[in-house]
Amino acid sequence: MHPYRTHRCGELRLSHAGETVRLSGWVHRKRDHGQLLFVDLRDNFGLTQCVIDASSPLFAELEAVRVESVITVTGPVVKRDAETVNPGLPTGEIEIRVAELEVLSRAAVLPLQVNSDEDAGEEIRLRYRYLDLRRDKMHEKILLRSRVIASIRRRMIEQGFTEFQTPILTAGSPEGARDYLVPSRIHPGKFYALPQAPQMFKQLLMIAGFDRYFQIAPCFRDEDSRADRSPGEFYQLDLEMSFVTQDDVFAAIEPVMAGLFEEFAAGRRVTEPPFPRIAFAEAMRKYGSDKPDLRNPIVIRDATEAFRGSGFGIFARAIEGGSVVRAIPAPGAGGRPRSYFDKMNDWARAEGAAGLGYIIFAEGAGKGPIAKNLDAERVAAIKAACELGDGDAVFFACDKPRPAERFAGVVRNRLGADLELIAPDAFRFCWIVDYPMFELDEETGKIEFSHNPFSMPQGGLEALESRDPLDILAYQYDIVCNGVELSSGAIRNHLPEVMYKAFSIAGYSQQEVEERFSGLISALKFGAPPHGGSAPGIDRIVMLLADEPNIREIVAFPMNQKAEDLMMHAPAEVPQQRLDELCLKLDLPPE
RNA sequence: GGGGGUGUAGCUCAGUUGGUUAGAGCGCCGGCCUGUCACGCCGGAGGCCGCCGGUUCGAGUCCGGUCACUCCCGCCA
C-alpha cells in the first residue's frame with residue numbers, strides 16, 4: 001500500500017464500502033464524544049469522515065491531535081447508517097474506521113481558524129497566507145485563477161497564437177509609470193529595470209516574423225496600490241498580431257474573452273461578439289467615462305441650451321463663460337426624500353464639484369430650487385430630452401466640458417448604485433475606440449500623447465502634417481467590462497518617419513527618439529510588418545469572474561498596501577557586503 | 001504627498017452619558033459524554049483597551065499627537 005494514500009479525501013463513495021483504504025490530509029474538524037471520536041480529514045479534493053472509538057489503542061493519540069495537523073489514516077470504508085448519512089458531503093454515505101494512524105506533522109495553536117467562515121483581519125491573513133489559502137473560499141479562488149489561465153492558454157493557442165517568454169531584467173521605460181530597478185554588479189552604477197509590460201519585446205517578435213504572440217506576462221510598476229491594483233506586480237494576457245487591422249484584432253480577441261467569460265460565468269449573462277464599439281468621444285458624452293458600465297441604463301444628456309439665458313442665473317452665467325450643463329437622468333429618484341438630494345449635494349462638494357443641482361418631476365411639473373427659476377417650457381424640454389416622467393428626477397453637472405463630462409460620469413455611477421439600476425448577473429463588454437492621439441496638458445499647455453506613443457495615428461503621416469494635433473485620432477482601443485478597463489491596445493506605428501513626426505508634435509526631437517527607443521526604432525528600419533495587439537489584465541478578469549472587488553483575494557501571495565510581503569519579509573535590508581559588490585551607498589532620509 | 005475609516009483576549013467583535021472587578025462567540029487548557037457532522041455540557045487560563053501625552057476626583061470612552069492596517073485622491077504611457 002502506498003505510504004500516504006490510496007485515495008483522495010473527496011473520492012470515496014458507497015461503492016468503496018468494504019475496501020481498506022489509506023487517506024492523508026489535514027484534521028479539518030474533530031467531534032469528540034469521549035468514547036467516540038469523529039475526525040473530518042481534508043485535502044485539496046474534499047472531506048472524509050474518519051471515526052474511532054475508545055476500544056482502539058489509537059484513540060488517545062488521535063484525540064490529542066490538534067486541528068490542522070497532518071495525519072495518515074488507514075482502515076476499512078464503512079457504509080453509514082441511513083440516519084447518520086451526511087447529504088451535504090459527496091463522501092457523506094461512508095466513513096473510514098481508523099485502524100492505523102500516523103501523525104505526519106503536528107499543528108501548533110492556529111493564529112487564524114481554517115475551518116471557519118469568519119474572516120480574519122488582512123494583516124493576519126497575509127502573514128499566515130498558507131493557512132488562509134487552506135480555507136475553502138480562498139482555495140477555490142486560487143484554483144479558479146489557475147483554471148482561467150489554463151483556459152486562456154488553450155483559447156489563444158486555438159486562435160493561432162504562440163506563447164513566448166520575454167526578459168524580466170531589461171531596460172527602463174522612458175514613458176509611463178515608475179520602474180522597479182535592479183542594480184548591476186558587473187556594471188557598477190547601472191541598473192536593469194523590470195518590464196512595465198513586454199511592449200517593445202512583443203513588437204520586436206512581430207518584426208522577427210513570428211506573426212502571433214501571446215504571453216501570460218508579469219508586469220512591474222512601482223506605483224501606489226488600490227483595492228483593484230496590486231503594488232508592484234500584476235499579470236496581463238499580452239498579445240500581438242502581424243498584418244492586421246483593428247477589426248482583425250477585435251475578431252481574434254472577442255471569441256477568447258467571450259468564450260472565457262461564458263465558461264466561468266456560472267449563469268451570468270455575457271455579451272455576445274461582436275462587442276459594441278463606442279467612440280471615445282461618444283463614451284465621454286453618454287457615460288462620462290472611457291470605461292462605462294453598460295449594466296447601468298443611465299445615459300447622460302446635454303442640457304446646456306435649456307439653461308442658456310435662463311432664469312437660473314448660476315448656470316446661465318457659467319454657460320456664458322464657456323461651461324456646459326450635463327443632465328444625468330435619475331429614474332425613480334423622485335420618491336426620495338429631500339434629505340437624499342441634500343446628501344447628494346454634500347457628496348458632490350466632497351468630490352470637488354461646485355454642487356449638484358436637480359429637478360424632481362411630479363404632477364406634470366418640475367420641483368426643486370432649479371425648477372422654480374426655470375420656465376416651464378425649459379423644464380419640459382429637459383424632461384423630454386432625458387425621457388423622464390413623473391416620479392423621476394434629473395441631476396445637473398455644470399462645468400467646463402471635460403470636467404462636467406467626468407463628474408456626470410461619477411454621478412451616473414453613484415445613481416446607478418443608489419437607485420439599484422445596475423443589471424445583476426451580467427458581464428457587459430464593449431470596445432472603446434478612436435482615442436485622441438494627443439491631448440493638451442492643462443497645466444503646461446503642452447501637447448502630449450494621450451495614450452500609447454507607439455500607436456498609429458488615423459490618417460498616418462498626412463494627418464500628422466495637415467491636421468490640428470488635438471483632432472487626430474489613434475488606432476487605440478480599450479476593452480471594458482462592467483465599468484472595468486480590462487485592457488488597452490493599439491495598432492502600432494511601424495513607420496519610423498511617422499514615429500518621428502508624432503514625437504515631434506509631442507516635443508521630442510528625432511535625436512531624442514533615437515536615444516530613448518533605439519532598440520525599437522532601429523528594428524523598424526529593417527522591414528517591420530504592420531502589427532497591433534492588446535493586453536487584457538489577468539487579475540481583473542479573475543476579479544470579475546470571482547465577483548471579488550479586492551485584487552489580494554485572487555492572488556496567492558499578494559503584498560499589502562504598502563508593498564510589503566508580510567510573510568516573506570520583503571523588502572528587506574541586505575548585508576553590507578552585497579551593497580559593496582553593487583557599489584551602492586545608502587543615503588537614507590532622516591527619521 | 002493628501003483625505004476618510006478602523007485599532008479592546010490567540011481570532012472575530014460588543015462595551016450605554018466618563019463611574020465598582022472590561023465582556024461575548026470561536027480557539028486554547030482541564031473534566032464529562034458511543035453517532036456526531038458548526039456535536040453537546042461543566043470548569044479554567046488568557047487583556048500595555050495600538051503607543052505617547054493632556055483634560056478630569058476618575059479615561060477603553062473626551063482632546064492632541066503618533067504608529068499600524070485599510071479605502072479613496074494624487075500616481076498608474
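To find a chain, count down the sequence lines: A is the first, B the second, and so on, and within it residues start at 1. This structure is a prediction, so every number in the text was calculated from the model and none was measured.
- Nucleotides B:rG2 and B:rC75, compared at atom C1', are 12 Å apart to the nearest Å.
- With respect to A:E497 and A:K501, no salt bridge is recorded, no charged nitrogen being found less than 4.0 Å from a carboxylate O.
- Residue contacts shown for A:Q49 include a base, since a base heavy atom lies under 4.0 Å away.
- In this structure, A:E439 atom CD and B:rA77 atom C1' are separated by 10 Å, rounded to whole Å.
- Rounded to whole Å, atom P of B:rA77 lies 18 Å from atom CG of A:L520.
- Distances from the side chain of A:D40 to the nucleotides B:rC37, B:rU36, B:rA77 place B:rC37 closest.
- Applying the 3.5 Å distance criterion, the base of B:rG35 shares no donor-acceptor pair with the side chain of A:D81.
- A:K343 and A:D346 are not joined by a salt bridge, as no carboxylate oxygen comes within less than 4.0 angstrom of a charged side-chain nitrogen.
- A distance of about 36 Å separates the P atoms of B:rG30 and B:rC69, rounded to the whole Å.
- Between A:F503 and A:Y508, the ring planes are perpendicular. Angles over 60° get that label, and only those under 30° would be called parallel.
- No hydrogens or angles were tested; on distance alone, a donor-acceptor pair under 3.5 Å links the side chain of A:Q113 to the base of B:rG10.
- Listed nucleotides B:rC37, B:rC28, B:rC76 differ in distance to A:N86; the shortest reach to its side chain belongs to B:rC37.
- Here B:rG3 presents its P atom at 22 Å from CH2 of A:W347, a figure rounded to the nearest Å.
- Of the candidate nucleotides B:rG74, B:rC33, B:rC37, B:rC33 has the atom nearest to the side chain of A:D32.
- Note on A:E93 versus A:K79: no salt bridge recorded, every NZ/NE/NH1/NH2 to OD/OE distance being 4.0 Å or above.
- In this structure, A:N560 reaches the sugar-phosphate backbone alone: every heavy-atom distance under 4.0 Å involves primed, P, OP1 or OP2 atoms, never a base.
- The CG atom of A:D228 sits 16 Å away from the P atom of B:rC75 (whole-angstrom rounding).
- Nucleotide B:rC73 holds its P atom 12 Å from the CZ atom of A:R406, rounded to whole Å.
- Taking a 6.0 Å sphere around CZ of A:R229, one finds it holds more than 12 heavy atoms contributed by other residues, nucleotides or ligands.
- The gap from the C1' atom of B:rU61 to that of B:rA14 amounts to 13 Å, rounded to the nearest Å.
- Across B:rG31 and B:rC71, the matching P atoms stand 45 Å from one another, rounded to whole Å.
- Between A:E564 atom CD and B:rC69 atom P the separation is 5 Å, expressed in whole Å.
- Sequence order on RNA chain B of the closest nucleotides to A:A177 and A:R552 puts A:R552 first from the 5' end.
- A:E83 comes within 4.0 angstrom of no nucleic acid atom, judged by non-hydrogen atoms across all strands.
- Closest contact between the side chain of A:L36 and the listed nucleotides B:rU34, B:rC37, B:rC28 involves B:rU34.
- For the P atoms, the distance linking B:rU16 with B:rA59 amounts to 16 Å, nearest Å.
- B:rA45 and B:rG27 have their C1' atoms separated by 13 Å, given to the nearest Å.
- Heavy-atom neighbours of A:F250 CZ from other residues, nucleotides or ligands within 6.0 Å: above the threshold of 12.
- Using a 4.0 Å heavy-atom cutoff across all strands shown, A:D119 reaches sugar-phosphate atoms only and no base atom.
- At distances below 3.5 Å, at least one donor-acceptor pair connects side-chain atoms of A:R412 with backbone N or O atoms of A:D293.
- Here A:H33 counts as stacked on B:rC39: its ring centre is under 5.5 angstrom from the base ring centre and the planes meet at under 30°.
- Ranked by how close their nearest RNA chain B nucleotide is to the 5' end, A:R221 and A:G121 are led by A:G121.
- Residue A:N550 has a polar side-chain atom (N or O) positioned under 4.0 Å from OP1 or OP2 of B:rC71.
- Under 4.0 angstrom from either OP1 or OP2 of B:rC11 there lies no side-chain N or O belonging to A:R125.
- Note: A:Y435 and A:F280 have tilted aromatic rings, judged against thresholds of 30 and 60 degrees for the angle between ring planes.
- Regarding contacts with the backbone of B:rU36, every side-chain N or O of A:R29 stays at 4.0 angstrom or more from both OP1 and OP2.
- Interface remark: the A:E95 side chain does form a donor-acceptor pair with the B:rG35 base, using a distance-only criterion of under 3.5 Å.
- Although no hydrogens or angles enter the test, the distance criterion places no donor-acceptor pair under 3.5 Å between the side chain of A:D222 and the main chain of A:A177.
- Between A:Q561 and B:rC71 there is a side-chain polar atom (N or O) within less than 4.0 angstrom of OP1 or OP2.
- Residue A:D136 contributes atom CG, which lies 14 Å from atom C1' of B:rA38 at whole-angstrom precision.
- Note on A:R31: every side-chain N or O is 4.0 Å or more away from OP1 and OP2 of B:rC33.
- Residue A:R97 is classed as a base contact, given a heavy-atom separation below 4.0 Å to a base.
- Backbone-only contact: A:I124 has heavy atoms under 4.0 Å from sugar-phosphate atoms and none from a base.
- Closest to the A:A227 side chain, of the nucleotides B:rU36, B:rC72, B:rG74, is B:rC72.
- Here, B:rG43 and B:rC33 have their C1' atoms 15 Å apart, quoted to the whole Å.
- A:L131 has its CG atom 13 Å from the P atom of B:rC11, to the nearest Å.
- Listed nucleotides B:rC33, B:rG35, B:rC75 differ in distance to A:Q35; the shortest reach to its side chain belongs to B:rC33.
- A sub-4.0 Å separation between OP1 or OP2 of B:rC29 and a side-chain N or O of A:R66 is present.
- Within 4.0 Å (heavy atoms only), A:T84 reaches at least one base atom of the nucleic acid.
- Remark: the separation of the C1' atoms in B:rU12 and B:rG47 is 16 Å, to the nearest Å.
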